Each structure stands twice: as structure tokens, then as C-alpha cells.
Amino acid sequence: MKYDFKKIEKKWQKTWSKNDYAVWHAEEKPRAREMYVLDMFPYPSGEGLHVGHVEGYTASDILSRYYRMRGFNVLHPMGWDAFGLPAENYAIKKKVHPAEVVKQNVKRFKEQLNKLGFSYDWQREVNTTDPEYYKWTQWIFLQLFEKGLAYEAEVPVNWCPKDKTVLANEEVIDGCCERCSEQVERKNLKQWVLKITAYADRLLKDLEDLDWPDKVKEMQKNWIGRSEGAEIDFPVANSTLKIKVFTTRPDTIPGVTYLVLAPEHALISQLDARITNPNAVKEYLETARHKSERERIADIRQKTGVELRGIKAVNPLTGKEIPVWTSDYVLSGYGTGAIMAVPAHDQRDFEFAKNFELPIVQVISLTGREEDLASAYGGDGIMINAGEELNGLGNQLAKETIIEKLEAHKKVNYKLRDWVFSRQRYWGEPIPLIFCEQCKKQAVNSKFQTPNSKHNEFNEGEILNPGWVPVPEEDLPVELPKVKNYEPTGSAESPLAGIDKWVNVKCPQCGEPAKRETNTMPQWAGSCWYYLAYILSEKLKVKSDKDFWDKKSLDYWLPVDVYIGGVEHAVLHLLYARFWHKFLHDIEAVSTKEPFQRLVNQGLILGPDNQKMSKSRGNVVNPDELVEKFGADSLRLYEMFMGPLEDAKPWQPDGIVGVHRFLNRVWNLVGEKRKTKSEKTDDKLERLLHKTIKKVTEDVEGLKFNTAISSLMILVNEMEKAESIVNSQLLLVTKLLFPFAPHIAQELWSQLGPSASSGQASLLDHEDWPKYDEKLITEEDFELLIQVNGKLRDKVMVSKNTTQEEAEKLVLGMEKIKEFVGKAKPKKIIFVPGRLINIVV
RNA sequence: GCCCUCGUGGUGGAAUUGGCAGACACGCCAGCUUUAGGAGCUGGUUCCGCAAGGAAUAGAGGUUCGAGUCCUCUCGAGGGCACCA
């Protein structure tokens with residue numbers, strides 16, 4: 001009989017789908033060991049499933065099937081991250097509602113996933129665009145608001161002119177939009193911002209305990225960018241004003257030869273009247289303002305700037321007057337927006353000083369003498385040119401001395417910026433806030449007088465954002481209104497702003513006319529808590545608000561044991577979700593500090609040309625075609641066999657043929673041997689079988705699927721050659737193969753297994769994972785490697801209990817070895833029991 | 001510029017973590033087979049050499065009885081951050 005994968009796969013997919021996929025439905029069983037295996041849920045794009053999805057989803061499916069057989073209670077859910085630009089852009093183009101687009105795409109994705117035989121708990125399926133889902137996204141936002149972690153501010157933001165919306169810092173790659181690659185512009189806009197910086201320290205520190213790839217930890221660490229230093233005041237000469245700077249190197253203060261203010265620094269306008277070159281300064285500020293992010297980055301090597309003539313600052317250590325400049329190499333958003341420049345010890349200052357012929361004073365030297373510096377010296381050394389008190393000290397000691405002397409404040413700064421959280425687009429969660437002029441007046445006054453108004457007590461968010469009133473919990477969700485036109489307006493408002501009926505509401509606090517917030521949440525909002533939504537999915541459906549945050553269930557399943565997905569979310573989704581989780585922990589909605597205990601990044605599958613797959617390169621591999629031609633089992637197996645899960649690997653078009661052949665051989669092997677019905681157990685084969693059980697078990701747990709498959713291939717190769725195979729051996733092979741290629745394994749099981757004759761197939765999902773017999777794995781004899789001077793010369797089979805004396809006697813008596821050793825007495829003999837002997841002459 | 005990861009046959013990749021380099025596959029070569037399919041079977045396939053043997057894990061040094069694996073430097077590739085003071 002031929003291996004008819006199409007028929008087999010269809011047959012079992014149908015069986016598994018019975019009763020809404022009840023086989024894989026996870027229930028909370030007390031005392032059972034639980035295992036939460038999570039995939040990064042897809043954005044259901046119009047293009048359908050990609051081979052990259054298949055890679056990660058196959059890996060998690062193997063784990064899920066394996067742990068189920070090991071008796072774990074496995075939660076392995078799937079859902080849809082369906083808000084966002086592509087659906088909206090497609091909808092605009094095709095004039096269909098985005099919700100309709102999402103519906104179609106989800107249907108297609110689900111079909112594709114099922115055709116690959118992934119064992120998801122579909123009863124827990126969630127969709128971020130479902131109002132019953134985003135109700136709780138909005139609810140979490142309101143909790144953030146009430147705790148003062150959401151605030152409205154006019155901030156410089158990244159604006160994508162093509163997508164006509166603001167972007168978070170994390171969404172800007174090389175000065176370009178993460179989605180459409182358009183150059184972003186800087187704009188000052190009033191935006192909702194989440195105070196992720198309040199969690200900077202914990203987001204950094206708690207990375208330590210996570211079982212994550214070093215690379216991702218490193219990326220988050222760099223993104224958070226903690227640096228310790230001190231704030232130093234530089235008095236402005238003939239003035240009471242001070243210029244505050246942040247530095248990590250107070251030891252270099254004696255070498256400060258000028259100060260630089262960011263073009264946006266408030267002091268520039270304050271000192272306006274005293275600047276003697278106002279036109280030059282104004283002109284510079286103007287050009288700086290119009291520079292794009294791109295241009296600024298391009299200017300790294302050529303620093304521009306202008307001196308604020310007429311203004312001098314005083315070096316607090318030397319007492320010397322130094323010039324004050326402004327330059328856009330100083331960022332307004334970091335530290336104090338002003339720096340002390342130490343050209344001798346900071347490369348950027350060095351370049352600036354060279355460019356404008358400013359003095360360079362070396363104060364730290366490795367040799368203790370002044371050198372002719374070709375670039376800034378950033379290392380440690382001895383203080384020079386730093387005054388009697390400091391000269392000769394090591395710079396680290398000098399650092400402490402200077403901080404003490406100047407009574408400076410130690411200070412920690414972060415690169416991490418608060419999360420710009422509003423988008424000027426239609427297809428996102430409405431931000432559930434209402435602006436009320438009436439309440440604004442009262443909120444402003446509420447700090448000074450007891451509120452005796454219609455407005456109840458003000459929460460932190462309302463005090464921080466006067467006039468903004470949260471939509472009451474019972475009115476959630478704030479549903480996206482259906483509109484005819486969802487084109488972005490190109491202004492700071494979303495298309496929702498045009499719907500008067502929706503915008504104009506009564507203030508839920510005082511009843512006066514008020515207006516809804518019309519911006520929507522960013523793409524990332526829904527994915528910040530979807531792993532919790534799966535657990536709570538039952539409660540999502542019944543629409544009861546009571547006990548929605550079912551802590552017992554959350555405690556049962558959390559944290560996620562294994563989380564598999566691409567590395568592209570390292571500082572986006574993974575940082576945002578950690579932030580929300582920590583916040584939910586603080587308000588006691590969840591018990592764990594972190595959401596995802598173990599993270600695995602599947603490596604990119606490259607095109608056959610070793611380049612990233614892309615439509616423009618024409619090197620995209622389509623999984624549908626492969627399933628059609630070779631079957632889902634072959635595709636799954638090949639993607640796992642390609643190489644280590646975490647490595648980037650090129651697609652080899654012929655590679656899938658190899659694993660397809662393998663499955664054919666398994667099929668034929670079982671078919672043929674079933675007829676011969678051998679009774680005698682082949683001892684050698686039995687040993688190999690048990691070794692393979694051990695190997696596959698260990699490799700699956702270590703996610704080393706490529707070597708697990710290779711060991712199965714070795715086993716099958718040997719079985720083909722074997723004189724006799726018994727049924728129980730074949731059954732073990734089908735079990736071992738099941739997580740990788742479930743359809744063929746299940747089919748063979750139904751033909752050979754205990755229920756074969758009854759016609760009522762038992763499912764492998766409910767069978768036990770094979771155990772190996774330790775006795776069959778440990779061999780009595782082993783091959784002793786014989787080395788002379790570290791070079792392999794011969795091998796000999798000996799008992800595993802062979803002592804060094806016995807081995808020496810045996811080996812030194814061998815003719816071949818005598819030749820290599822010669823007549824001289826061995827200098828030294830190394831003996832590694834059970835492995836090798838090395839004779840050194 | 002800084003940080004991270006990685007360099008093994010014609011190709012994807014193995015190597016029990018310091019102990020037989022190249023498992024398992026793809027491809028290729030030779031033969032068989034014919035049911036002519038991208039899919040069967042057998043054998044071969046790192047390089048030099050007829051062989052004994054020698055060389056070889058990007059390159060150069062080092063540690064070690066022993067290094068693909070550890071250390072130092074150089075070269076190369078991929079990724080991340082990028083004027084963060």
C-alpha cells in the first residue's frame with residue numbers, strides 16, 4: 001500500500017477536530033503538572049502563513065504533544081493579533097471594513113494551521129479585535145490611568161508621514177518607520193504616554209532570573225540603557241542661573257573646557273538678552289529644528305554648533321570661565337539636556353573641539369604625563385592638570401573625591417523613554433477616556449480645596465491629566481464605531497474625530513457635554529496580555545465582569561513555561577508585555593513578577609539564495625504548495641531537521657525530499673514487517689531502540705529537534721536491515737515519531753496498536769511516552785581508543801571494568817602500538833576509564 | 001564607533017561539552033531497477049597518496065597528555081544599538 005499522505009492527513013485532522021478539538025482542550029486539573037507552551041500569535045495578514053510561522057509553531061507543537069504524552073496538563077492555545085495597519089490599509093484600498101478583512105484572514109490562517117496538524121486548544125481562541133477582548137485591554141489602560149501611569153503630554157514624537165500616525169521609539173528603525181520604511185519626522189504633538197520608565201529598574205533587574213537567550217536580554221538591557229553618574233551644577237557667570245549637567249565621569253571635570261546645550265534647552269531663551277550673536281544662534285536653532293532624524297544620524301561625524309557669545313559658565317572645580325555652545329549632538333531628551341564637554345576624554349567632544357578649535361586639556365593619563373592625543377582617551381589613569389589636591393590620584397578615587405567636594409547628587413539615567421501610546425488611525429482599541437471642561441476646572445482646583453462638586457474623588461490620573469475622565473467600567477468596552485471612511489486624517493486626530501455622534505457624549509462624572517478621546521491604541525496593546533486572555537477565555541465568553549481576573553486560574557497556569565517566537569519583538573512586544581505584567585502584578589491581578597519564564601527564538605528561514613525571504617527578491621517559499629506536494633508531516637519534519645531551531649538557515653528546495661523519503665521508508669517498513677510477524681527479538685536492535693528513546697527524549701526537552709530526527713533516521717535505517725522486528729518495537733517507533741509527524745504516526749498506530757482490531761482507533765495523544773531500559777543502554781564492553789602522543793593509533797574492545805594496569809598491559813603488548821611507541825619507556829600514560837588510553841613518549 | 005552571535009566537506013548540519021572530526025540528510029559519481037516520479041534499491045563520496053601514512057574545523061600564536069571546543073590577536077560574516085554624555 002502506498003503512503004497516501006493526503007488521505008491520512010485529512011482523515012486524522014477530521015478526527016481531531018471533533019467536539020471543537022476536545023482532544024487538546026486543557027482543563028485545570030488539580031495536582032497535575034501543568035505546562036504552558038505558547039506561540040507568539042500571528043498577525044493574520046492577507047498573505048497567509050509563512051514558512052517562518054511553521055517553524056516556530058511546529059517546535060511548540062512537538063513540545064506540547066510530547067508533554068501531553070508525558071502526563072503533563074498542557075495549555076497550548078492560539079489566537080489572532082488583528083489590530084493594526086495592514087488590515088486597515090487593505091480595507092481602505094478594497095473598500096471593505098477591516099473587521100471583515102480580519103475575519104477572512106483569520107479563517108484562512110486557521111485552516112492553514114489545522115492543515116499542518118497543530119494541536120491547539122481552539123476552545124480558548126482569542127482575537128484582540130473582538131470587543132469582548134478589547135474591553136479588557138481598555139480596562140487595563142484605565143487601571144494604568146488611575147495609578148497615574150498614563151499621561152497626556154505634548155512631546156516630541158516620531159511621525160510617519162506615510163502611515164499618518166505617531167510611532168513609539170521602539171517602532172523606529174534607523175530613523176525609519178518599522179512598518180513601511182518611510183523616514184520619520186519629528187513633531188511636537190499632544191499624546192497619551194505610558195510611564196514605562198517607572199519600571200525601568202525592575203525591567204532591567206528581573207531579566208537576570210529569566211531563561212531567555214542572552215541576545216534578547218542584551219537587547220533589552222541596551223534599550224533600557226541604565227547609567228550611573230552625577231548631576232553637576234555649572235554656575236552662569238554674572239548670574240544666579242545654573243546649568244545642570246549629567247555625567248558618568250565626574251573625574252574629568254577639571255578637563256571641562258566648554259558646555260553644550262541642546263538646541264531645545266530652555267536656558268537659551270532665558271539668556272536671550274545677553275547673547276551677543278542672537279542672529280547666528282537663531283539661525284542654528286532653526287536649521288536644527290528642521291533636521292530629520294535621518295540627517296541628524298548622518299551628521300555624527302560632522303558636528304555642527306554655535307557659541308552663545310556673551311555667556312560664560314564657571315567650571316566649579318577650577319573656577320575658570322568657559323564658553324557655552326549649543327549643538328544638536330546634545331539630546332534634549334536625555335539627562336538634563338546639557339553636557340559638560342571634556343574633549344580630551346570623550347570622542348564626541350574631541351571632534352567638536354577640533355572642529356571649532358576649542359581647548360583640549362588632558363586630565364587623565366596612563367603614563368602620568370601629558371600626551372599628544374590623536375583621539376579622546378576614555379580609559380583609567382592618573383590625574384594630571386587637575387590641581388594640587390587631585391594630581392597624582394587614580395581617576396576612580398578622584399571621581400569620589402570630586403563628587404564629595406562639589407556636593408553633587410548621584411543620579412541614575414535611562415535611555416528608555418516613556419511609551420507614546422496613541423495612534424491617529426482607525427483600526428485600534430479606542431482609548432476609553434472622555435474630556436470634560438467642567439471637570440478640568442475642578443480637577444485643577446482639587447489640589448487646593450476639597451471637591452464638593454458632582455465629580456467624585458479624583459484619582460491620580462485625573463489629577464495628572466485635568467479634565468480627562470475615565471469611561472466607567474460598566475460602560476466598557478468603548479466600541480469602535482462603524483464608519484464609512486477610515487482614511488487617516490493626517491492630523492493629530494484619528495478618523496474617529498469626524499464622527500460627531502460618537503465623539504460628543506455627556507461627562508460620566510458631572511453630566512456636562514464632553515468629548516471622547518479619538519486616538520486609538522497602538523498595535524502592541526492587545527498582545528500585552530493575550531497570554532492571560534487564553535487562561536481567562538471562558539470568562540471572556542460569558543460576559544460576566546465579576547471575577548474576570550480569576551486569580552486561581554492565572555496562578556495555576558502562570559508563568560508561561562515556554563514561549564516561542566521570532567527575535568523581532570525583542571524590544572517591542574516583549575518589553576511592553578513585561579511592563580504591563582509588572583503593573584498587573586502591582587495591582588495584584590497576577591502573582592508572578594514575569595510573564596514568560598523561558599523564551600526561545602526560532603531562527604530566520606532564509607531563501608535558497610541565503611537572503612532574507614521577500615516578495616521583491618522572489619525567493620519566498622510557500623508552505624501551502626509544500627503541504628500539497630509532500631504533506632504536512634514532511635514539511636514539519638523538514639523544517640525541524642534543517643538545523644538548530646535558533647539558527648538562521650537557508651531553505652534547500654531538495655531538502656524536503658530527504659525527509660519525505662524517510663517517511664515513505666517508515667511507512668513501507670511497518671507495512672512489510674507487519675506481514676512477516678516476527679516473534680524473535682533482535683537484541684542489537686532492541687538496544688538501539690532504547691538508546692534512541694533516550695536520545696529523542698533528551699533532545700526534545702532540549703529543543704534539539706534536528707538531532708532527534710537524525711537519531712530516528714538511524715534507527716529506521718537499522719530496522720530496515722534487521723532480520724526480525726516485533727510489533728512492540730514498531731509501536732515504540734510510532735510513538736517516538738508522533739510529536740514530529742503526528743498524522744503518519746497516528747495512522748500507523750491505528751493499524752498496529754492495541755485497538756487496531758476493534759476498529760475504534762485510540763489516539764496517541766493519550767498514550768504514554770516510551771521509557772527506556774537503563775540496562776539495555778549500558779554496554780558491558782566498550783571500544784578503548786589507543787593514542788600515542790595524543791594521536792589515535794588503534795582501538796580495541798574491552799570490558800567496561802578494565803583497570804589502568806590491565807589496559808596498559810594489553811595495549812603495550814600490541815604489535816601496532818609497539819611500533820609507534822618504540823623501545824623507549826613511556827614518559828607518562830593517561831587513562832580515561834571507559835574511554836581512552838594515551839601513551840606519551 | 002560600541003555590544004552580541006558565529007566561521008567545520010560541493011550544500012544543510014553532527015561531534016556525549018576538552019577525548020574517534022564530518023553523524024544524519026541534500027547533492028554528486030558508479031551500478032541495479034522501470035512503475036519515467038522532484039519520490040525505488042546497492043555501493044562510493046574532506047583533501048594528498050597505489051599504499052603504509054600524512055594534512056585538515058577562517059588565519060596566527062598559546063594552555064593541555066590531548067583543542068572544532070578554553071585563552072590572546074588577526075581576518076571575515078550576520079544581527080542589535082547608535083551623538084545616551
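Quantities reported herein were computed from a predicted structural model and do not represent experimental measurements. All chains are named by letter (A, B, ...) in the order of the sequence lines, taking the proteins before the strands, and each is independently numbered beginning at 1.
- Out of A39(B), G12(B), A85(B), the shortest distance to the side chain of T248(A) is found at A85(B).
- For the pair A648(A) and V659(A), nearest-nucleotide mapping onto RNA chain B gives the more 5' position to A648(A).
- Without hydrogens or angle criteria, H743(A) side chain to D633(A) main chain gives no donor-acceptor distance under 3.5 Å.
- Comparing G38(B), U11(B), G19(B) by their nearest atom to the side chain of V657(A) picks out G38(B).
- H345(A) places a side-chain N or O within 3.5 Å of a backbone atom of I364(A) that can act as its donor or acceptor partner.
- When each of C24(B), A82(B), C81(B) is scored by its nearest atom to the side-chain atoms of K415(A), the top-ranked nucleotide is C81(B).
- For Y329(A), no side-chain nitrogen or oxygen approaches OP1 or OP2 of A85(B) to under 4.0 Å.
- Between R661(A) and the phosphate of C26(B), there is a side-chain N or O to OP1/OP2 separation shorter than 4.0 Å.
- If you check every strand for non-hydrogen atoms under 4.0 Å, P644(A) touches sugar and phosphate atoms only.
- Regarding the sugar-base torsion, U33(B) falls in the anti class, its angle being beyond 90° of 0.
- Remark: the separation of the P atoms in C26(B) and G44(B) is 15 Å, to the nearest Å.
- For A25(B) and A14(B), the C1' atoms lie 11 Å apart once the distance is rounded to whole Å.
- Closest to the R665(A) side chain, of the nucleotides A25(B), A85(B), A39(B), is A25(B).
- On the C1' atoms, U69(B) is 14 Å away from G7(B), given to the nearest whole Å.
- Residue I714(A) has its side chain nearest to A23(B) when only A23(B), A85(B), G53(B) are considered.
- Judged by distance alone, with hydrogens and angles left aside, the side-chain atoms of N315(A) form no donor-acceptor pair with the main-chain N or O of I322(A) at under 3.5 Å.
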| request: Given side-chain hydrogen bond (donor to acceptor under 3.5 Å, both in side chains), test Y638(A) with T58(A) step by step and report yes or no. | output: CA-CA 10 Å; Y638(A) 172 57; T58(A) 303; over 6 Å; no

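- At distances below 3.5 Å, not a single donor-acceptor pair connects side-chain atoms of K399(A) with backbone N or O atoms of T252(A).
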| message | Assess the residue pair S227(A) and N413(A) against the criterion (side-chain hydrogen bond (donor to acceptor under 3.5 Å, both in side chains)); give the C-alpha distance rounded to whole Å, side-chain angles, the decisive distance to 0.1 Å, and a yes or no. | response | CA-CA 5 Å; S227(A) 61; N413(A) 263 323; 5.8 Å; no

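- Comparing G53(B), A85(B), C20(B) by their closest approach to the side chain of E783(A) singles out C20(B).
- Separation of the C1' atoms belonging to U72(B) and U63(B) is 11 Å when rounded to the nearest angstrom.
- Between U42(B) and U33(B), the two C1' atoms lie 11 Å apart (nearest whole Å).
- Scanning residues 210-223 of chain A for heavy-atom distances under 4.0 Å to RNA chain B yields K215(A), E218(A), M219(A), W223(A).
- Residue N717(A) places at least one side-chain N or O under 4.0 Å from the OP1 or OP2 atom of A25(B).
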Please enumerate all protein N or O atoms sitting under 3.5 Å from an N or O of nucleotides 42-47 of chain B, with distances to 0.1 Å.
none

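- A side-chain donor-acceptor contact under 3.5 Å links E9(A) to the backbone of A632(A).
- Taking 4.0 Å as the cut-off between side-chain N and carboxylate O, K6(A) and E628(A) count as a salt-bridged pair.
- Of all nucleotides listed (G12(B), G19(B), C83(B)), G12(B) comes nearest to the side chain of P650(A).
- Here the side chain of T248(A) pairs no donor or acceptor atom with the backbone of E228(A) at under 3.5 angstrom.
- A gap of 40 Å separates the P atoms of G40(B) and A55(B), to the nearest Å.
- Closest to the side chain of D654(A), from the set G13(B), G38(B), G12(B), is G38(B).
- Contact annotation: S227(A) reaches the phosphate of A85(B) (side-chain N/O to OP1 or OP2, under 4.0 Å).
- Between G12(B) and A67(B), the two P atoms lie 27 Å apart (nearest whole Å).
- Checking side-chain atoms of T257(A) against main-chain N and O of P359(A) turns up a donor-acceptor pair under 3.5 Å.
- Other residues, nucleotides and ligands contribute over 12 non-hydrogen atoms within 6.0 Å of the NZ atom of K800(A).
- To the nearest whole angstrom, the two P atoms, one in A82(B) and one in G19(B), are 41 Å apart.
- In G9(B) the base sits syn relative to the sugar, since the glycosidic angle is no further than 90° from 0.
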| field | Under the 3.5 Å Watson-Crick or G-U criterion, the dot-bracket string of RNA chain B, with | for inter-strand pairs | value | (((((((..(((......[....)))((((((.......))))))(((....)))..(((((..]....))))))))))))....

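- Looking at Q787(A), its side chain comes within 3.5 Å of the base of G19(B) through a donor and an acceptor atom.
- Taking for each of L792(A) and K649(A) the nucleotide of RNA chain B with the nearest heavy atom, the 5'-most of the two is the partner of K649(A).
- Between K649(A) and E55(A) there is a salt bridge, with a side-chain nitrogen of the basic residue lying less than 4.0 Å from a carboxylate oxygen of the acidic one.
- Between the R417(A) side chain and the Y414(A) main chain, a donor and an acceptor come within less than 3.5 Å of each other.
- OP1 or OP2 of U64(B) has not a single side-chain nitrogen or oxygen of K828(A) nearer than 4.0 Å.
- Contact between the side-chain N/O atoms of R793(A) and the OP1/OP2 oxygens of G54(B) is found at a separation under 4.0 Å.
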| task | Could you give me the CA-CA distance, side-chain angles and deciding distance for D349(A) and Y258(A), then say whether side-chain hydrogen bond (donor to acceptor under 3.5 Å, both in side chains) is met? | result | CA-CA 9 Å; D349(A) 300 343; Y258(A) 60 101; 4.5 Å; no

